[in-house]
Amino acid sequence: MALEKVLAEKVADLVNLKYGANLSSKEIQIQKTLASFEGDLTVVIFPLLKFSKMNPIQTGQDIGDELVKSLEDVESFNVVKGFLNVVLSNDNWGSTLNAIASNVSFGLLKKSRVQNVMVEYSSPNTNKPLHLGHIRNNFLGYSVAEILKASGHNIIKTQIINDRGIHICKSMLSWQKFANGGTPESEGLKGDHLVGKYYVEFDKHYKVEMAELMDKGMSKEEAMQEAPIFKEAKAMLKKWEQGDKEVVQLWEMMNGWVYQGFESTYKAMGVDFDKLYYESNTYLLGKKVVEEGLDKGVFYKREDGSVWCDLSEEGLDEKLVLRQDGTAVYMTQDIGTAIERYKDFNINGIIYTVGNEQEYHFKVLFLILKKLGYSFYEGLYHLSYGMVELPSGKMKTREGTVVDADDLMKEMIYTASEATKEKGKLDGYSKQEIEKINETVGMAALKYYLLKVDPKKGILFNPEESIDFNGNTGPFILFNCVRTKSLLKKHGDNDYDGIVTSNVSEKEKSIIGKLNDYENIIENAALNYSPAIIANYCYDLAKDYSQFYASHNILNEEDEQIKLFRLNLTSQVGRVLEKALILLGIEVPERM
RNA sequence: GGCUCCGUAGUUCAACUGAAUAGAAUAUCAGAUUUCGGCUCUGAGGGUUGGGGGUUUGAAUCCCUCCGGGGUCACCA
């Protein structure tokens, strides 16, 4: 609250004046008073003792006296150990609430220096459908982008589509061999699922061929290289890089299927992008830059023709940037992509939302760009997040233990529909409207479940818990938000401007305090790239409101002034909750 | 093995970046309501914050060390 600042400044002034210190208000620690003590705000006294040269109690008493004298909003105080608990006047709460209500741009911060930031997320391969890991990636990247927007930055959402390489050729070759010309229409499969099916099919045949070769006495490594089907895939990659018409046509057709599939998955996820990058476009630039780097002496060529970057001085290993046969690797493409992005946009930085398994890769990438002389490397940041694991262990494509994104979302929505059927609150709604609400609720459950965890940490995905609707869950928060709307609708008139009351309960104070925290929470979430901070805030606020609702009359309140005050409070809780949920990519329906 | 991240109630997560008695949810147990044994409400138990040491008026948080786990060190992406 503005009052926290006022208080901090006042305390700093007092300490400077009385004890001859030289503190700024930022060095004064102010926190919310714990529920078990009397008071609203607490000044931590310990750090001030070296100036006051008195014990904590005396110092607290001393400062407290002055605060009551000089600040109108401070009604009284008490000192416990080294903590000065300040009790605020009742008028303060109403005016704080009104300040929030009348602030049209509440929750949208203004930055003195606006940054243009590119956020990359999703970054799929075009040889298989999206899975649970991508879901976390997408929700996280989307939400971080929204949070940064709210904190006052300009954001460009982007992805890099991994549409070329040996793995893509594997599914192409496999389709050629085994699909008999099957299309998404003829097989009745989403395009990305169809392509994924033949990618798996490739692996099956590959394994059989390897086993045969190993029976003949070959080592595993040899067999991997010598299996005919693998050699064919490699040949296809080479043809693709040479621009072979037939191969390119096949590539375009199958990627087209995949993009159609992705599009509907992204739509269901509720994510979007401002600009797409394709590795098939950027890898060539990467190759060119590697040539330049060779001239500059940043890279060196080995006898066999492969190109490397020596990072041993920086404490890392040597890194391959171009294969012996001159084809590009992952690193090559990423160098090209980064440069391209800075050419395309006037940006101050790029945030790469990529799993923590690639931390080493990005460390190396940023270092190489630095060595190449691109000063923009300073603005690059790897938003690294933990892997999603199942109770049964890791997800593995080949063992079929992957949780498919489309399947999972469908399940969540189904569970939501079962839950609403029981509650029966949707009478009078059309089938389409009900479907839309089920979608919203199901996705809210999934998004919240994945976003409430600190990005850095791994997630253990428990299917049963994820679809829970009680407790610390998305639907619980959503329900409270929807309830505020329905209350306000019932009351009709919604002009609560300037309502004050001298009768404010502890719960109400707590809620107003939390509402007032919202902008700090955004700032903090932006600073840490952490939707989890927003998610936890939403739950705290919703829980507080839920307890308030259970213990206070609102529409039934007889005192008109109090009733309006509580409606004002309700209105702001709904407003802030909805704003916060949107930052998580969660929509709020009118009813549920 | 080198580098790196992590370890908090039975379980899943918090703790405003160093402050008061480490909080929720869930599970468990006990009551209340309900003839609906699954809903709702109230309450309780549950912790040496992996172990040990250090810095500090104060440590889950910072430093050292050991133990345990993940990731990564590919001419894969």
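Naming: A, B, ... by sequence-line order, numbering from 1 per chain. Since this is a predicted model, take the numbers as computed values, not measurements.
- Pairing for B/G1 is with B/C73, a Watson-Crick or G-U wobble pair whose two hydrogen-bonding atom distances lie under 3.5 Å.
- The nearest heavy atom of RNA chain B to A/G471 and to A/T33 marks one nucleotide each, and the one closer to the 5' end goes with A/T33.
- When rounded to the nearest whole Å, the span between NE2 of A/H382 and C1' of B/C5 equals 12 Å.
- With both ends at atom C1', the span from B/U33 to B/G70 equals 48 Å, rounded to whole Å.
- When the options A/T353, A/N137, A/N356 are evaluated for a side-chain hydrogen bond (donor to acceptor under 3.5 Å, both in side chains) with A/Y385, the one that passes is A/N137.
- Listed pair A/N125 / B/C76 fails the phosphate criterion, with no side-chain N or O lying under 4.0 Å from OP1 or OP2.
- If you check every strand for non-hydrogen atoms under 4.0 Å, A/Q324 touches a base.
- Inspection of the A/N255 and A/T126 side chains reveals an N or O donor paired with an N or O acceptor under 3.5 Å.
- Comparing the same atom, C1', in B/G68 and in B/G23 gives a spacing of 26 Å after rounding to whole Å.
- Look at A/R323 and you'll find a side-chain N or O under 4.0 angstrom from OP1 or OP2 of B/C76.
- Atom OH of A/Y414 has 12 or fewer heavy atoms from other residues, nucleotides or ligands within 6.0 Å.
- When heavy atoms are screened at a 4.0 angstrom cut-off, A/Q29 is found touching base atoms of the nucleic acid.
- One can place CD of A/E357 at 16 Å from C1' of B/C6, the figure rounded to the nearest angstrom.
- Side-chain contact of A/T282 with A/E340: a donor-acceptor pair under 3.5 Å is absent, judged by distance alone.
- Using modelled atom types and a 3.5 Å distance limit, the side chains of A/R323 and A/T327 yield a donor-acceptor pair.
- For the pair A/K507 and A/F548, the cation-pi criterion (under 6.0 Å, within 45° of the ring axis) is not fulfilled.
- Following rounding to the nearest Å, A/E279 (CD) and B/A77 (C1') show an atom-to-atom distance of 8 Å.
- Between B/C3, B/A20, B/U40, one nucleotide has an atom nearer to the side chain of A/K363 than all others, and that is B/C3.
- Distance OH (A/Y539) to P (B/A15): 15 Å, rounded to an integer number of Å.
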Quick one: which protein N/O atoms are closer than 3.5 Å to N/O atoms of nucleotides 11-13 of chain B? Pair and distance per line, please.
none

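- Under a cut-off of 6.0 angstrom, the local environment of NZ in A/K239 is sparse, with at most 12 non-hydrogen atoms contributed by other residues, nucleotides or ligands.
- Taking atom P in both B/U49 and B/A20, one finds a spacing of 14 Å when rounded to whole Å.
- Across B/C75, B/U26, B/A20, the shortest atom-to-atom separation from the side chain of A/N470 is found for B/U26.
- Note on A/D544: nothing from the nucleic acid sits closer than 4.0 angstrom, heavy atoms only.
- Pair assignment for B/A9: none, as no Watson-Crick or G-U wobble contacts are both less than 3.5 Å.
- Checked against A/F202 for a ring pair (Phe, Tyr, Trp, His ring centres under 6.0 Å), the options A/Y199, A/Y206, A/Y198 give a single hit: A/Y206.
- Here the side chain of A/K81 is nearest to one of B/C75, B/A20, B/G71, namely B/A20.
- For A/L48 and B/A19, the CG to C1' distance is 13 Å, given to the nearest whole Å.
- Counting only heavy atoms from C-beta on, A/N528 has its side chain closest to B/U17 among B/U17, B/A20, B/C75.
- Nearest to the side chain of A/Y330, among B/U17, B/A77, B/A19, sits B/A77.
- Nucleic acid contact for A/T42: base, since at least one base atom lies under 4.0 Å from a heavy atom of the residue.
- If you take OH of A/Y206 and P of B/C76, they are 10 Å apart, rounded to a whole angstrom.
- Within 6.0 Å of atom NZ in A/K32, more than 12 heavy atoms from other residues, nucleotides or ligands are found, so the atom counts as buried in its surroundings.
- Judged by ring centres under 5.5 Å apart and planes tilted less than 30 degrees, A/F46 fails to stack against the six-membered base ring of B/G58.
- Heavy atoms of A/N524 sit nowhere under 4.0 angstrom from any nucleic acid atom.
- Remark: the separation of the C1' atoms in B/A19 and B/A59 is 10 Å, to the nearest Å.
- Listed pair A/K319 / B/U72 fails the phosphate criterion, with no side-chain N or O lying under 4.0 Å from OP1 or OP2.
- Listed by chain and number, the residues in a ring-ring contact (aromatic ring centres under 6.0 Å, His included) with A/W251 are A/W240 (sequence neighbours excluded).
- Using a 4.0 Å heavy-atom cutoff across all strands shown, A/K543 reaches sugar-phosphate atoms only and no base atom.
- Side-chain polar atoms of A/D40 and A/T33 form no donor-acceptor pair below 3.5 angstrom.
- Nucleotides B/C3 and B/G47 place their P atoms 37 Å apart, quoted to the nearest Å.
- The glycosidic torsion of B/U17 lies within 90° of 0, which places this base in the syn conformation.
- Along RNA chain B, the nucleotide closest to A/D468 and the one closest to A/V44 are compared, and the more 5′ of them pairs with A/V44.
- A/P47 comes within 4.0 angstrom of a nucleotide base, judged by non-hydrogen atoms across all strands.
- Pair assignment for B/A30: B/U42, on the basis of Watson-Crick or G-U wobble contacts that are both within less than 3.5 Å.
- Residue A/F37 and nucleotide B/A20 are classified as a stacked aromatic pair, their ring centres being separated by less than 5.5 Å at an interplanar angle below 30°.
- Atom P of nucleotide B/C5 and atom CD of A/E389 are separated by 19 Å, given to the nearest angstrom.
- A close approach under 4.0 Å does not occur between any side-chain nitrogen or oxygen of A/R164 and OP1 or OP2 of B/C76.
- Note: CD (A/E221) to P (B/C76) measures 13 Å, nearest angstrom.
- The same atom, C1', is picked in B/U26 and in B/C67; the two are 30 Å apart, to the nearest Å.
- Using P as the reference atom, B/G38 and B/A30 are 14 Å apart when rounded to the nearest Å.
- Atom name P, nucleotides B/G43 and B/C5: the rounded distance is 42 Å, in whole Å.
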